[in-house]
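Note that these values count all heavy atoms, side chains included, but never hydrogens, waters or copies made by symmetry.
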Amino acid sequence: MTPRPRFSTRLLLGHGGLALICLALAGALLFVQRWYEQDRRALLDAALPRFSDMLEVSRLGDTLAETAGALATAVDTAQRRAALETADRARADLEARLAALNGSQLEAATRDRLRAAVADVGETLETLDALVARRLQMRQATADLNARLGMLGDLLPDLEQALLAGRAPEAVAGVLETQDLTFPPGPSGTKAANAIRGWARHAQVTVGMMLAASGAGGGPDLDYLAARAEESLRRAASAIRAGDRGAMPVMEAVQAELVALSEGVDGADSVFRVRRQRLTMAQNLPAVLERAHQASDRLSAAVTQIIADLEQARAVRAADRALLAPMWTVGIGGVALLGIGLALWSGLVLWRGGLHRLRRLTEAVRAARDDAPVNVPDHDLLGDEIGVLAQAVGALDAERRRLAEAVREYADRQAAVLDMVPAPILVLSADGRVENANPAAVDLFGRSVTQLVGRPLGELVTEADSDALAEATAHALAKPGTRSAPLDGMLARPDGEGSRTVTVTVTAPSEAAAATPCLLAMVRAGTVGQCDGADANREDVSHAS
């Protein structure tokens with residue numbers, strides 16, 4: 001009978017399969033939960049900017065505001081260039097940070113505020129740089145104009161004395177182009193000399209007004225100084241017209257230089273124009289700086305709003321995680337416990353359904369070994385592997401009982417045959433010891449069956465050659481159905497009656513060839529010559545056995 005693997009299939013594909021499925025499902029849920037959490041974190045991190053980026057944007061805005069202040073206070077080109085390099089690096093880094101925010105899910109209003117603040121900062125820096133560049137140019141122009149005014153102020157006293165003395169001063173070549181100028185020999189009269197003195201005095205007043213204008217603190221002061229300079233120039237011009245013709249070219253050249261410094265010629269910078277522009281820039285510069293600070297504040301406010309949004313988003317994520325994490329944990333733990341429970345249930349089914357049956361089967365095998373009745377319950381005789389094994393044990397036990405009954409019947413028949421044979425016969429084992437004896441042998445040897453069993457044949461038949469006995473036993477075992485050569489010996493009786501001569505012949509029945517070796521020893525009392533008829537009788541008896 002081919003066993004059907006019902007028991008193992010039920011355990012492996014039934015309970016065990018369900019347990020494995022539950023455990024695999026728990027592992028899959030755990031993997032999905034981890035993946036879901038990582039995916040949500042990655043999406044949120046990709047959608048929202050990082051705190052470090054926002055803090056860096058705020059820092060760059062503060063850097064630009066500080067750079068604007070440094071640029072506004074620059075006193076030379078080197079300081080202006082250093083401030084512009086710092087601002088350019090900060091703006092480039094800021095633009096890169098803003099470009100990285102294009103893929104983030106910021107609110108449109110917040111993104112617009114951030115970009116507008118950055119644009120205002122950039123425009124303010126450009127305006128401030130233009131003002132600073134112009135201020136540095138006007139500072140240089142003021143220095144040049146003051147240098148020319150200083151040279152004229154130093155020249156006018158010497159020029160006055162030279163015109164009165166009729167000679168050219170040595171310093172005039174450094175201030176005026178003297179190639180076409182001719183100095184007169186001196187004034188023609190007192191009127192002409194007074195005109196030279198009046199012109200020189202008004203010219204010096206004009207120089208003083210213009211030098212004072214370069215440091216004027218406000219518009220009214222500058223207007224007053226300009227009016228005074230203009231009045232002095234008019235009086236100086238009137239004095240020139242009242243003087244000698246010979247001195248007029250020199251005084252007109254100096255007068256033209258003073259007019260150029262005061263009013264400007266052909267768009268050139270003049271003292272009052274440069275100072276007025278510088279005062280205007282001084283008034284506008286605080287407004288530009290205030291605009292830069294306001295743009296920086298707007299940038300910081302936009303960054304603060306973004307950081308607040310980040311905090312809110314992370315708070316929402318933390319709340320979501322706090323809500324979902326227990327649900328995932330309970331679900332995964334429940335499925336895992338279900339799988340473990342099914343596995344334990346499978347083990348219990350295996351122990352109760354398999355181990356109990358195996359124990360009962362083991363007890364049946366032990367009973368069969370001890371020649372006790374074997375009892376296999378009907379509910380153990382299922383169609384699975386253990387049931388087939390139990391059926392085999394029952395069948396083997398039934399065959400064992402049948403064979404034992406057959407052996408007992410055979411032994412009974414053999415005993416009946418031996419009892420009916422009149423000749424003394426001993427049943428020997430393969431090593432020559434007595435296993436049974438018929439009544440004739442009991443009478444002959446004067447011993448009971450119990451006393452004969454277990455004794456060697458050489459002990460019952462003395463004075464027989466032991467080697468011959470061994471050879472006869474080996475011959476009988478080697479050739480069942482044949483008789484050994486007769487062996488003569490003396491009969492040993494326990495009652496002490498006289499010794500008698502006996503003849504022993506050993507043979508092995510042919511039926512014993514396939515079973516346990518069995519020998520028959522036929523014993524005859526008397527002489528050797530009288531053994532032929534008895535041998536024939538014993539042969540008949542052996543074949544009958």
Side-chain angles (χ1 to χ4, degrees), residues 72-76 127-128 130-161 163 169 171-172 174-176 193-243 247-248 250-290:
T73 58
V75 296
D76 54 20
T127 303
L128 184 62
L131 289 176
V132 171
R134 181 59 180 161
R135 186 188 65 183
L136 293 178
Q137 292 177 359
M138 288 186 293
R139 182 189 292 271
Q140 185 63 37
T142 300
D144 295 340
L145 291 173
N146 288 339
R148 291 172 64 186
L149 286 173
M151 293 175 64
L152 284 174
D154 295 339
L155 177 63
L156 284 174
D158 294 339
L159 184 59
E160 179 184 0
Q161 295 298 327
L163 289 175
V172 71
V175 179
L176 302 175
N194 290 334
I196 292 173
R197 292 188 184 95
W199 170 80
R201 185 174 62 252
H202 293 306
Q204 289 178 359
V205 171
T206 302
V207 170
M209 293 299 104
M210 286 190 289
L211 287 175
S214 63
D221 295 339
L222 186 62
D223 292 340
Y224 170 75
L225 293 174
R228 288 290 307 275
E230 184 179 0
E231 180 64 23
S232 298
L233 285 175
R234 283 198 304 268
R235 291 180 180 182
S238 299
I240 291 173
R241 288 192 295 271
M248 289 179 63
V250 177
M251 290 188 293
E252 288 178 351
V254 175
Q255 184 73 11
E257 184 69 18
L258 290 174
V259 171
L261 291 175
S262 176
E263 299 178 358
V265 178
D266 297 333
D269 291 331
S270 64
V271 173
F272 296 104
R273 183 184 302 167
V274 170
R275 186 56 185 172
R276 189 170 284 108
Q277 291 180 358
R278 292 186 65 183
L279 290 175
T280 302
M281 284 189 295
Q283 294 175 356
N284 294 334
L285 190 60
V288 176
L289 286 176
E290 181 63 22

>> If you define the side chain from C-beta out and look only at heavy atoms, does anything of L233 sit under 4.5 Å from Q255?
In response: yes
>> Show, in sequence, the C-alpha distance, side-chain angles and deciding distance for R197 and N194, and conclude whether the side-chain contact (heavy atoms from CB on, under 4.5 Å) test is met.
In response: CA-CA 5 Å; R197 292 188 184 95; N194 290 334; 3.3 Å; yes
> Any chance the side chains of R241 and S238 put a donor and an acceptor closer than 3.5 Å?
Replying inline: yes
> Step by step, would you call V132 with R135 a side-chain contact (heavy atoms from CB on, under 4.5 Å)?
Replying inline: CA-CA 5 Å; V132 171; R135 186 188 65 183; 4.0 Å; yes
>> Could you measure the distance from the OG1 atom of T142 to the CZ atom of R139? Nearest 0.5 Å is fine.
In response: 8.5 Å
>> Checking L145 against F272 for the side-chain contact (heavy atoms from CB on, under 4.5 Å) test, could you report, in this order, the C-alpha distance in whole Å, the side-chain angles of both residues, the deciding distance, and whether it holds?
In response: CA-CA 10 Å; L145 291 173; F272 296 104; over 6 Å; no
>> With heavy-atom distances below 4.5 Å as the criterion, would you say the side chains of D223 and R276 are in contact?
In response: yes
> Could you give the distance from CG (L136) to CG (L131), rounded to the nearest 0.5 Å?
Replying inline: 11.0 Å
> Which heavy atom of S270 sits nearest a heavy atom of A260, and at what distance?
Replying inline: CB-O, 4.1 Å
> Between R201 and Q204, is any side-chain donor less than 3.5 angstrom from a side-chain acceptor?
Replying inline: no
> In Å and rounded to the nearest 0.5 Å, what is the CG to CG distance from N146 to L261?
Replying inline: 9.5 Å
>> Let's go through L258 and M210 carefully: what are the C-alpha distance in whole Å and the side-chain angles of both, what is the deciding distance for side-chain contact (heavy atoms from CB on, under 4.5 Å) to 0.1 Å, and is it a yes or a no?
In response: CA-CA 9 Å; L258 290 174; M210 286 190 289; 4.0 Å; yes
> Hey, what do you get for CG (L152) to CG (L156), rounding to the nearest 0.5 Å?
Replying inline: 6.0 Å
> How close do R275 and A213 get, heavy atom to heavy atom, and via which atoms?
Replying inline: CG-O, 3.0 Å
> So which heavy atom on G198 is nearest to which on A239, and how close?
Replying inline: C-CB, 4.1 Å
> If you take all heavy atoms of V205 and S232, which pair is closest and at what distance?
Replying inline: CG1-OG, 3.1 Å
> Taking the side chain as C-beta and beyond, is there a heavy-atom pair between Q140 and D144 under 4.5 Å?
Replying inline: yes
>> Within the 4.5 Å heavy-atom criterion, are I196 and M251 side-chain neighbours or not?
In response: yes
